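Everything below concerns the one structure shown next.
Fair warning: this is a prediction, and the values are worked out from it, not measured in the lab. Numbers restart at 1 for each chain; the letters A, B, ... are given by sequence-line order, proteins then strands.
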Amino acid sequence: MWNRLLRWRKLDRELDEEIRGHFRMAIEERIQSGENPREAEQNVRREFGNELLVREVTRDMWGWTALERMGQDLKYALRQIRRSPGFTAVALMTLALGLGATTTIFSIVNGVLLQPLAYRQPDQLYMAENIPPASAALPRKLLVNSRHFHEWRAHCGLCQDVALFQGANFNLVGAGEPVRLPALEVSHNFFRTLGVRPAMGRDFLADEEGGNSDKVILTDELWRSRFAGDPSIVGRRIQLIGEHYLVIGILPPNLHLPRGDEWGAFVGPPGQPLIFRPLLRQVARDAPEGSLNYSSVIRLKQGVRPEQATAELNALLADFVRQYKLQYRVALTPLRQQVIRNDRGPLLLLMGAVGAVLLIVCVNIGNLMLVRSASRYREAGVRLALGASRWRLFGLVLTEALALVSTGSAVGLLLARVGLKLFVARAPVAIPRLDEVQMDWRVLAFAAALLAFSTMVCGIVPAWRLARIEPQETLKAGAGSATEGRRKLWFREIMVGLEVALTTVLLIAGGLLMASFYRLMRVDKGFEVAHILTQEVSFFFGEVCARTGARCYRGGDGEAGPGTRSAGSGSSQPVTAVGRRVVEHAERSGRFPTSQSSRGHRQLPLRDTGLLQGDGDSAAYGTVPRSGRSGSSVGRDQRARGTVSVGQRKSDWQARARRGPAKPSLEVVGIVGDIRGKLEDAPPMMVYEHFWRMQPLAMSFVLRTPADPVAVAAGIRTVLSSADPEMAIPPASTMEQILEGSMAARKFQTFLAVAFAISALALASLGIYGVISFAVARRTPEMGIRIALGASGAQLVGMVVRQGMIPVVAGLGAGLVCSLFVNRMIVSQLYGVAPNDPFYIAGMMIILVTVGLCACWIPARRATRVDPLTALRFE
Amino acid sequence: MAKSEAYQNRIELLQGTLDMLILRALSWGPQHGYGIGQAIRSGSSDVLHAETGSLYPALHRLEKHGWVKSEWKQSENRQRAKYYKLTPSGRKHLVTEHSRWKKMSAAIASLMEPKGSEG
């Protein structure tokens, strides 16, 4: 490089000498032919032409002038930037924010949606699910049956491995505070199927499944946090669920196993599983028509297409389907898709929104640069007249844009780093794999592409305009200043239209999301939310009962303690409900699975209206939800068909599923209103039965208190831990907190979308304002003439606003059309609002038009203050 | 007035043609830039003028291609001047360019002055 520079210097000197030699020789010759020296020199100069230009084009031939020019252009650009700190500050700030936000969101999209899962050949992994017939008013996907799994594992030829698992909660005692940990019970080949090997110790063996195995495998995280990373833990026993378990292996770090709820609905607790234990059931002996309580992950053989495997999995069940008239079919979902299914839509929506905002930012800067370059037309004319090439002018403006954008981009990358850290640490969204997100080369490549793109958008139009100038016209004194044709503005107007169109789309989407959020907050949950405290507890039931003898929690369960109004308990909390679903084949109408049961005892305090029918205090009862006010067609249908009525006896599906000794059938003693599970979903069909019929390992107390429920929490904790000091008691939470938690992700997404929409609106109004005030400034003499001829202020304002609103209205129309398509894409994230709800669309349009009018009106007012005398003298 | 008429008699040179003329001028021996310009002018009886704005870029371009080489020498009136010299590959290039030009001018001539319609 240095050598090159030296050589370049030398060449430059030589060229100089060469040209001087040329002059000398030419002059000498002319003098010899009889001209006087002065005349000779003049003639030679005229003949030679523009000496500088000759040098310039000759230097071009050396081929490295591009570099030199870029240096010059950059210097010039920086000088320009320094000269207008206001513009630079605004441009840099919006660019940095836009680029930073876009890069942040892309980092998340990249980590969550684009990177493969951290297992061996993750694309071969699929989840098996049961798809019920569409008529069955059930969730679209159900879990699988353990007996079916047994068939698959034994006979599936296209599968490399088939694993089964089920979520669980284990209480860990004896390693710090008693704590309840999310866990998975897995078939022995679970880790082999995923392609994961323990980092220490060994995997499960085939004969450890189905017996009463006492082996467990721990995750690296649990091992480090609870056992201080002590390698001697392998081979030692730890106390779980009241028994001693042998640790046989530790999993490798950074495994990123999906959390329980990411495997599918109702698989397990929402935390990341930390303990693994072999399945206790002997799957070969399970009932093939019974419960659908398990999840199955399948690794297909290399090159097998999922359709082929699906056909085989279904064919293996043909006998069961015939014998038990099963209505559901098995389907495969790629594991990756399963893990990110809920977050794909929102993330892509955010990506689109932030991209649109960035585009508006760039268009705005392009617009501002265009305005600024208009004041440089004369300079450009002089440059052209002196022999600058149009390309050179073009490059000059583009360099200026590049300097701006790359500075903005550098700041933006820093912002993105910080933003990403904040997002991962603080965002109230449980996005799967979020902990895997980081800025890798893909993100940097994306940022670079973004930089190039933004430079183009910012710079290309101003550059083009400046390079196309006709020097004669701009150099004519006062050219075209009396009146301004519309022709020169149309670029800016198209840009304004583009901004407005993008803003329209963002505003409408943001408005719909906000409306969905609002509707969801106000949805009928089936119970009064205020003054409810929930306290989860878990224990090894038998042991606790044995130890505490006759008390056995019965006293604490149903009876209202001091300070509480009523109490109830259930196997899962409403709203976050993750209960086990048991799918029953109803006896009479039993063509398809009809109900899912959750067990509860007196969960009814939730609903003050209580039972709609029947007797609430009966010792053992089951209830089937009737359609409440919120209206669930399921319940209505069921009632209409008369499958359920008070006093009716139903056989105990649980007992049947287990093929155990027949328990007495259940009697329907009452019917209660619907209680929501997830707020977005229709209320699930629930069967409540007496708590003590089951022996759950965990339950949550639900207490309705007359005063602040938080005040009661401490008392409950004392009562519980005095009953059993080894019991894991997570912090109690009020129903409001639970609701808030379940809405947090949506709230956050809505917040971001609305924030983007508002920034878009602000930027677009800035763009409109800029264009109109520029047009007004250019037309000052014209305004003066109009005022002198008697135009009133209102007329002038009307004219400016009318002309200013043309691109706004055009953009609005274009935006509306785009919005129709965009809204169709976000329909899955809406709740209770039609994607093209005219009310919200009209509302957003009114906002936009109002803002547009204001942005036009302010500069238009300035037109009326023109003093005709000054304006015309300006001429 | 006379000047502008003289100007009209000149013919703008196409780039490829200029290259060929420069190479041709150099085939008689090394020459400096001014000399080449004069040679083209006098060789064409004052019809062809190599503008300096085209001549020097062309020389530097030809040098970059390796068709000519330059060295600093004393000129006949004992001044330092940059002399250009034809290289072997430049000579080869001149031959191909020449035959190409002959073909083209014959083709243009046959189009402009068809034999049958003459007279």
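- At least one side-chain heavy atom of His32(B) sits less than 4.5 Å from a side-chain heavy atom of Met25(A).
- Residues Leu15(A) and Lys82(B) fail the side-chain proximity criterion, which asks for heavy atoms closer than 4.5 Å.
- Of the two parts of Gln38(B), only the side chain, counted from C-beta on, holds a non-hydrogen atom closer than 4.5 Å to a non-hydrogen atom of chain A.
- The aromatic rings of His22(A) and Tyr34(B) stand perpendicular to each other, their planes meeting at an angle above 60°, with 30° marking the opposite boundary.
- Here Leu55(B) contributes atom CG and Phe48(A) contributes atom CZ; the two are 9.0 Å apart, rounded to the nearest 0.5 Å.
- Glu14(A) touches chain B through backbone and side chain together, each having a heavy atom under 4.5 Å away.
- In this structure, Trp72(B) places its CH2 atom where more than 12 heavy-atom neighbours from other residues, nucleotides or ligands lie under 6.0 Å away.
- Of all the heavy atoms in Arg80(B) and Arg24(A), the pair that sits closest is O-NH2, 3.8 Å.
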